[in-house]
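When a ligand or atom number is given, it counts from 1 through the structure's own listing order.
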Amino acid sequence: MTEVMENLEQTVLAAARRELFIAGQWGPASDGATFEVFDPATGEPLCSVADASAEDGQRALDAAVEAQKAFARTTPRERSQMLYRTHALLGERADDLALLMTLEAGKPVAEARAEITLAREFVLHFAEEAVRISGNYQQNPNGGGRMLVLRQPVGPAILVTPWNFPMSMGARKVAPAIAAGCTSVVKPAKETPLTMLALAAIFEEAGVPAGVVNVIPTSTSAEVVEPLIRSGKARKLSFTGSTAVGARLLEQASGQVLKTSMELGGNAPFIVFEDADLDNALEGLMLTKMRNAGETCTAANRIYVQRPVMEKFAAKLAERMSGFVLGRGVDEGVTLGPLINKRQQDTVEALVQDAVTRGAKVLVGGSKPDRPGFFFEPTVLADVPADARILHEEIFGPVAPLVAFDDEDEVIALANDTEYGLASYLFTENLRRAVRVAEALDSGMVGLNQGSVSNAGAPFGGTKASGLGREGGPEGINEFLETKFIAMQL
Ligand code: NAD
């Protein structure tokens, strides 16, 4: 690493916000506690951050409740302008924000930049949506009175965000909340609090009023979040993370009948038919499999290739996977960063070992490299047997398990044989087959001849155990709005 780069890192870290953001004030935790944030590429601590207690959580929710009434009265145009300013500031600060994100999340700087671009897209989309909230006015069916339907902010929201996309997931929740007129308490993942705090500072600078966005990093999520959900003061819960935690939060939310949005785990099938453009399929696979070292909920988890093209596709894939450069995401030329922590690294290793024990062949990689940090080698597994755990559990790592199939009905059945239903991918040059299979796949999103399903203008979300509700698209703002019917007698 060059000295210039090292200085830049130190400058960005030194300038980073590390305190709680409550009621428009930056400050320490009430008991003065802090926790460490680590660089996953070295395993070394980066800095310490204020560690919110349950009491701080309540303070944050009280601030959100206090700010809710006045914020709901702001005009759509005012809220839209706050988001346009946020969009502009994110653009101006993108270099520093990307570096900060890379330091705590590990992803290569180019990927961090791409994530900021996506976050800006969400902010822009909801700046536009804020002034398009509409209702309905119609005559009673019997011709007498009139029916007026309007949309109002649901109220204070609890937003729990993950570590894999610390900026875009924050933006995808907070921007629609602001657009709709909802205040919020954001609980970022303990692995990546710095990015969300930086985003909060930008919302503040963009003129979002005090108490509208409150951020409480904590090392004790369960102890802090559960009382907030059960308090009866919040009206909305939006969560992105594992299905296990999502299900637990849904249980907690049921007592208050909270409106909930859940973006949970996935186990995406990636289907390559014999008539596919194999080079395009490979590009799509690289995007969905290797972005963020495979730590994405929409990552291809099971790669089904039609038997006549399996050998050719596997060879191309093995060659591409051998070409990654592992390292710290801030270093030039690095194309693959570490996994987020040791637990994630151990999980991926265990899944690969299980598959190999059951008969899978390792074409490339297969283990943890001998270096500090939480890296895993880019890995291709062939002939993965149906009972291997890796085909049934979310991998969240740079591992591509290949399975051969013979016909369309067989692969649709295999693809849908999972409790998850977030994303699926399908590659074919046959239009009829494309439509037939895309419609038959049981998932909230289908990538057709492309390896990305993330688009601010489109509804993102899953079926089955992958979640409830949608983020992005026109649906995204609706998750923060309540429908009111006014029955008018004339
Ligand atoms: P997680 O579900 O534990 O964490 C997600 C968020 O929930 C984080 O902010 C975390 O601090 C918070 N959280 C955890 N337990 C909580 C609780 N009891 N109450 C309130 N908040 C709580 O995910 P993880 O353990 O960091 O990762 C494990 C697996 O989850 C991954 O391997 C992956 O399969 C999945 N995951 C999915 C996504 C996604 O984008 N859908 C994101 C992160 C992780």
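Note on Glu482 versus Arg235: no salt bridge recorded, every NZ/NE/NH1/NH2 to OD/OE distance being 4.0 Å or above. Look at Glu205 and Arg93 and you find a salt bridge, because one of the NZ, NE, NH1 or NH2 atoms lies within 4.0 Å of a carboxylate O, short of that distance.
Relative to the ring axis of Phe375, Arg371 places its NZ or CZ within 45° and under 6.0 Å from the centre.
Partners of Thr34 according to the side chain to side chain contact (heavy atoms under 4.5 Å, CB included) rule, which considers only residues two or more places apart in sequence or in another chain, are Ser48. Not counting sequence neighbours, the partners of Ala234 by the side chain to side chain contact (heavy atoms under 4.5 Å, CB included) test are Leu61, Ile158.
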For ligand 1, what N or O to protein N or O distances fall under 3.5 Å?
| from | atom 1 | to | atom 2 | distance (Å) |
| --- | --- | --- | --- | --- |
| ligand 1 | 2 (O) | Ser242 | N | 2.8 |
| ligand 1 | 2 (O) | Ser242 | OG | 2.6 |
| ligand 1 | 9 (O) | Thr161 | O | 2.7 |
| ligand 1 | 9 (O) | Lys187 | NZ | 3.0 |
| ligand 1 | 11 (O) | Lys187 | NZ | 2.9 |
| ligand 1 | 11 (O) | Ser221 | OG | 3.0 |
| ligand 1 | 18 (N) | Arg248 | NH1 | 3.3 |
| ligand 1 | 25 (O) | Arg343 | NH2 | 2.5 |
| ligand 1 | 26 (O) | Trp163 | NE1 | 2.5 |
| ligand 1 | 32 (O) | Gln344 | NE2 | 3.0 |
| ligand 1 | 34 (O) | Glu394 | OE1 | 2.3 |
| ligand 1 | 40 (O) | Asn164 | ND2 | 3.3 |
| ligand 1 | 41 (N) | Gly241 | O | 3.4 |
| ligand 1 | 41 (N) | Leu264 | O | 3.0 |

Can you give me every donor-acceptor pair (side chain of residues 386-395, partner residue at least two apart or in another chain, under 3.5 Å) with its distance?
| from | atom 1 | to | atom 2 | distance (Å) |
| --- | --- | --- | --- | --- |
| Asp387 | OD2 | Arg358 | NH1 | 3.4 |
| Arg389 | NE | Glu393 | OE2 | 2.9 |
| Arg389 | NH2 | Glu393 | OE1 | 3.3 |
| His392 | NE2 | Ala386 | O | 2.7 |
| Glu394 | OE2 | Gly266 | N | 3.0 |

